[in-house]
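See below for the structure under consideration.
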2 protein chains.
Amino acid sequence: MNDKACLCKNIAPEEMLSIKNELPSSDTISHLAEFFKVFGDGNRLKILYYLSRHELCVADLTALVDMQQSAVSHQLKLLRLNRLVKLRKEGTTVYYSLDDSHVESIFDLALVHLREQR
Amino acid sequence: MNDKACLCKNIAPEEMLSIKNELPSSDTISHLAEFFKVFGDGNRLKILYYLSRHELCVADLTALVDMQQSAVSHQLKLLRLNRLVKLRKEGTTVYYSLDDSHVESIFDLALVHLREQR
DNA sequence: CACATATATGAACACATATTCATACAACGA
DNA sequence: TCGTTGTATGAATATGTGTTCATATATGTG
């Protein structure tokens with residue numbers, strides 16, 4: 001951190017320091033970023049929406065979101081790694097469902113933001 | 001939408017249809033995805049955190065997040081386009097601050113998710 | 001066991017994104 | 001007006017990400 005002229009023009013150095021010190025850990029920050037990244041794709045959002053409505057097998061999801069089965073599987077894996085969905089196997093069929101109670105509240109908040117700002 | 005064997009094994013066709021029909025518009029979905037994408041980067045999260053604590057000029061932010069000034073400006077532009085920050089000019093200095101009341105609640109929700117799941 | 005079906009996976013490719021570098025611009029002081 | 005400072009911007013580059021294709025795996029059926 002260099003010492004350019006502008007620094008702290010309007011902030012007391014102690015306040016600046018406490019703001020800097022209270023930054024969440026870089027671990028927390030990268031987890032947060034990873035988490036939001038998952039929501040940053042339309043197809044994943046669609047999958048999450050559908051799963052928020054009903055448990056669905058891969059083939060159903062594939063038809064609903066109009067993607068290839070392989071692409072859906074890849075995205076489901078990502079969602080699973082981020083613990084947003086869980087699966088249940090029945091024979092060769094795999095059923096997915098939401099594994100997070102916050103998904104919908106996060107959706108709602110974002111929608112509020114969009115409605116207010118556009 | 002094809003008609004593979006698995007379709008609707010556990011869902012009444014009418015329900016399937018209503019779920020499909022209630023999918024938010026593709027416009028809404030891409031706005032949502034764009035919005036979340038903004039949060040999907042650690043440096044932007046840091047910038048948002050700092051701005052949530054205090055109005056800051058570009059040079060201050062540059063020092064705090066330890067990036068190059070140019071990179072900070074690029075990110076601030078993106079944040080501005082997504083109406084998450086606003087600016088105020090004073091001479092040659094540009095002060096940025098949060099322009100969205102939901103940023104912090106969205107942070108909080110995501111943090112709750114992370115705490116519960118890891 | 002041979003075959004079909006549902007899903008998962010790895011590699012390759014195309015595209016998006018973040019950063020850097022060089023430079024432009026705008027406001028101010030001498 | 002010239003130089004300086006704070007910020008913005010465009011092009012280039014490197015890295016990341018999503019999809020596709022081909023194929024593997026696993027389970028069930030005849």
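Naming: A, B, ... by sequence-line order, numbering from 1 per chain.
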Task: Complementary nucleotide for C:dT5 - Watson-Crick or wobble, under 3.5 Å - done: D:dA26
Open item on the list: Between P on D:dG6 and CG on B:Leu56, what's the gap in Å once rounded to a whole number?
Closed with: 15 Å
TODO: Look at the side-chain N and O atoms of B:Arg44 and state whether any lies under 4.0 Å from the OP1 or OP2 oxygen of C:dA18.
DONE: yes
- [ ] Mark yes or no for a side-chain to base donor-acceptor pair under 3.5 Å between B:Ser70 and D:dT9, with no hydrogen or angle criteria applied.
- [x] yes
Between the protein and nucleotides 24-28 of chain D, list the N/O to N/O atom pairs that are separated by less than 3.5 angstrom.
none

Open item on the list: Looking at B:Lys20, is its backbone amide N or carbonyl O close enough to the side chain of A:Arg53 to form a donor-acceptor pair, meaning the two atoms are under 3.5 Å apart?
Closed with: no
Open item on the list: From CG of A:Leu78 over to P of D:dT17, roughly how many Å is that when rounded to an integer?
Closed with: 9 Å
- [ ] Could you tell me the separation between the CG atom of B:Leu79 and the P atom of C:dT17, rounded to a whole number of Å?
- [x] 14 Å
Open item on the list: Let me spell it out: for each of B:Arg80 and A:Asp41, pick the nucleotide of DNA chain D with the closest heavy atom. Which residue's pick is nearer the 5' end?
Closed with: B:Arg80
TODO: Rounded off to whole Å, could you give me the CG-to-P distance for the B:Asp60 and D:dT7 pair?
DONE: 8 Å
Task: Atom-to-atom span, CD of A:Glu34 to P of D:dG16 - whole angstrom - done: 11 Å
- [ ] Would you indicate, yes or no, if D:dT19 has its OP1 or OP2 atom less than 4.0 angstrom from a side-chain nitrogen or oxygen of A:Gln75?
- [x] yes
- [ ] For A:Tyr49 and B:Leu23, indicate whether the former's side chain and the latter's backbone hold a donor-acceptor pair under 3.5 Å.
- [x] yes
Open item on the list: Side-chain N or O of A:Tyr96 versus OP1/OP2 of C:dA8: is the shortest distance under 4.0 Å?
Closed with: yes
Task: Contact check, side chains of B:Phe39 and B:Val103, non-hydrogen atoms, under 4.5 Å - done: yes
Open item on the list: Side chains of B:Glu34 and B:Ser30 only: does a donor on one sit below 3.5 Å from an acceptor on the other?
Closed with: no
TODO: Report the distance from atom CD of B:Gln68 to atom P of C:dT23, rounded to the nearest whole Å.
DONE: 15 Å
Task: Partner of A:Val58 under side chain to side chain contact (heavy atoms under 4.5 Å, CB included), chosen from A:Asp60, A:Leu56, A:Thr62, A:Leu61 - done: A:Thr62
Open item on the list: Expressed as a whole number of angstroms, how long is the span from B:Leu81:CG to D:dA8:P?
Closed with: 12 Å
TODO: Considering just the side-chain nitrogens and oxygens of B:Lys77, establish if one lies under 4.0 Å of OP1 or OP2 belonging to D:dA8.
DONE: no
Task: N/O donor-acceptor pair, side chain B:His74 with base C:dT17, under 3.5 angstrom - done: no
- [ ] Specify the closest pair of heavy atoms between A:Val85 and A:Asp99, including all atoms of both residues, with the distance to one decimal.
- [x] C-CB, 3.5 Å
TODO: Check for a donor-acceptor pair, side chain of B:Lys89 on one end and backbone N or O of B:Tyr95 on the other, with a separation under 3.5 Å.
DONE: no
Task: Whole-Å distance separating the NZ atom of A:Lys37 from the P atom of D:dG16 - done: 9 Å
Open item on the list: I want to check one thing: is the phosphate of D:dG6, taken as OP1 and OP2, less than 4.0 Å away from some side-chain N or O of B:Gln69?
Closed with: no
